[in-house]
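A short write-up of the structure that comes next.
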Amino acid sequence: MADQPHVAVTEGADDGPVHWLQKLLDNPWLLLFLGVVVPTLSYTVWGWVELVLMKKAELP
Amino acid sequence: MGILTSDNSRVCDTTGLKVCLQSEMLIKLNAVVAVVCLLIGVLAAFGLALTRWETIGLLDPLMYYRFTTVHGLNMLIFWILFMEMAILYFAGTVLLNNRNASSLLSWGQFGLMLIGMGMVNYSVFTGRADVMMTSYVPLRAEHEFYLGTILFAVGALLGTTNFFANLYVAKRDKTYKGSIPLVVFGALAAAIIAVFTILHGAVALVPTWLWSIGMMEAPDAGWYRLLWWGLGHPSQQINVCAMVAVWYLLGTLTVGAKPLNQAVCRTAFLLYILFINRASEHHLLVDPGLSAEHKMWNTSYALYLAVLASMIHGFTVPASLEVAQRKKGHGGLFGWLAKAPWGDPGFAALFVSLVIFGFGGGITGVTLGTHQINIVAHNTLRIPGHFHMTVAGGTSLAFMGLAYYVVPLIFRKEYSFRGLARIQPYIFGLGISIMAIGMTLAGSLGVPRRHPDIDFTDAAIKADLSAASPFMALVGIGGFIAATGALIFILLTVHAVFLGASNKGRAMTSWQKPEQDKLTRDLMSTNWNPEGAGLKPSGTSVLTLLLLAAFAIYYFANWKALADVWHVS
């Protein structure tokens, strides 16, 4: 590892045993996947399906 | 100048951090263009404020619409996203002791965003795109407006991709130990939300562009709104993540603070990543095509997990400041605030933006986002009142505070007129607060957003909103003060960048008194644990209870307001 001065802003999480949640937080690719897929399903796909299935309004 | 190293980087004279020279150039360029966009938006803001102030009524309806389009695009999209690109370069390289991964992606990012911004502004200024920022179909702009927006979005996607590449290179080259720093994690959350945002923008705007050049039928209005708000609101959630990351960064730079609990702070960012993009639904709450289940799940259920994240940050940021101040020996319930460096514009911007975002933007946002309450607020001036407290009073002010450190540390130029710089965050914060309160009160009486003729002159059904006149005057006066505060920031920053004294070869001139600065520098270079220091953030706990009380009063007052107009027997 290259030398880096000790400045508080560059500090990462504590060393020691790694909790499963920390492993998740340390995986940017999994976070990227979840961050795109979860809201896309909940907001976009669900909303899109509702719009597609909406019946045409009939004028009285 | 700082010490040059063999890998095209230098060592910062103030922090000792290694600064990749290519990243430094890109940070500078993105920041300069961001400030230019801010200037355009501020000039438009003067026109809007002096029109909403009915006594003056400066602009005719068409010009008001055009100025609003210019203001919205430059303030909400261009100024913010160029600044965020600068933050991504800073977080992905400087804070990770890393070099920039890809010149191609980086210059592609800057070039495409610059061209896109220029095309969109040309289109709006020449009257070819009087469509507001939202550009709802079937309202149609000329083709270059959509193409410019698409190019801008692709540029932002390239910048985001480069940030992920920087993360990959840093991990591969082992430039840091353990987890990435919290500020970088905040930038990562912003970048993830940016990917969702840009993809939705592409899906909404590519067909719309094809329609504008006659290659396909107009997109369905309901479909467009669903997709466009997947771009429109999440682009402001990128701001939230970046702003929170900047809060943590400024906390360290100004008082030597450390995040109170890294795991809790990161978990809060995770909640943002998973749930904050549901806020798009707020704009669709009166759309007929979507079910009540879709609306309630995406606002009143899942979104509350993102609100929880904001409440966590709303506690941990001031608590971190408090613990750092206590570590310096500033005791008492609020002694840590009394002894804070209020004359440091970085700290002033941090704390004022925190208060405006929490007490103003947060409380109103949760309330307006409630499905039932929204019906009495939708499309009223209450909505701009809310988002001026989040995006302007929150994010923009935080970014201004960041600039007071970026210019000396990255441009290596000192600010002049330092007395004016010290009060600038207060001027801007005061103006935004007055304006937003005026908007909220006027909107509560039913004053609509987006057009200045609030009485609907010549309409078949007239509206008498004369009771709102005093509040509209507040909007005008507050807006004028806020725009003046922003203009002061721009002039100070432009002067510093081009005419400021160089600080190459020495540390930046501190904004703080010598004794304050010494305590902060000592704390910054000390390896201490805020959780193990036995220092309780009791003052922050009191402020938090005050926030919750204010929220409860405002929230239930709105249910009462709803009950007053919607009688259920």
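By convention in this document, chain letters (A, B, ...) are assigned in the order of the sequence lines, proteins followed by strands, and residues within each chain are numbered from 1.
Considering only heavy atoms from C-beta on, Ile273(B) stays 4.5 Å or farther from Leu32(A) through its side chain. With contacts defined as side-chain heavy-atom distances shorter than 4.5 Å, the pair Leu34(A)/Leu270(B) does not qualify. Annotation: side chain of Trp46(A) is in contact with side chain of Asn298(B) (closest heavy-atom distance under 4.5 Å).
The greatest number of non-hydrogen atom pairs below 4.5 Å with chain A, out of Pro234(B), Gly251(B), Ser280(B), Ala263(B), is found for Ser280(B). Looking only at heavy-atom pairs under 4.5 Å with chain A, the residue among Trp297(B), Phe275(B), Phe269(B) that has the most is Trp297(B).
In this structure, chain B has a heavy atom under 4.5 Å from the side chain of Leu21(A), while its backbone stays farther away. The contact between Leu284(B) and chain A is made entirely by side chain atoms (from C-beta outward), counting heavy-atom distances below 4.5 Å.
Nearest heavy atom pair, residue Ser179(B) against residue Asp26(A), reads OG-OD1, 3.0 Å. Between Asn277(B) and Gly35(A), the shortest heavy-atom distance links the atoms ND2-O, 4.5 Å.
Applying the salt bridge (charged side-chain N to carboxylate O under 4.0 Å, His left out) definition to pairs two or more places apart or across chains, those involving residues 278-294 of chain B are Arg225(B)-Asp287(B). Pairs passing the salt bridge (charged side-chain N to carboxylate O under 4.0 Å, His left out) check and including a residue from residues 49-60 of chain A, sequence neighbours excluded, do not occur.
In terms of modelled atom types and a separation under 3.5 Å, the side chain of Tyr43(A) and the main chain of Leu226(B) share a donor-acceptor contact.
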Check residues 182-200 of chain B and write down every donor-acceptor pair under 3.5 Å in which the side-chain atom is one partner and the other belongs to a residue at least two apart or another chain.
residue   : atom : partner   : partner atom : Å
Thr197(B) : OG1  : Ile193(B) : O            : 2.7
His200(B) : ND1  : Phe196(B) : O            : 2.9
His200(B) : NE2  : Thr44(A)  : OG1          : 2.5

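Contacts with chain A (heavy atom to heavy atom, under 4.5 Å) involve these residues of residues 160-172 of chain B, listed by number: Phe164(B), Leu167(B), Tyr168(B).
For CH2 of Trp223(B), the number of neighbouring non-hydrogen atoms (other residues, nucleotides, ligands) closer than 6.0 Å is greater than 12.
Ile180(B) contributes atom CD1, which lies 9.5 Å from atom CG of Leu25(A) (distance to the nearest 0.5 angstrom).
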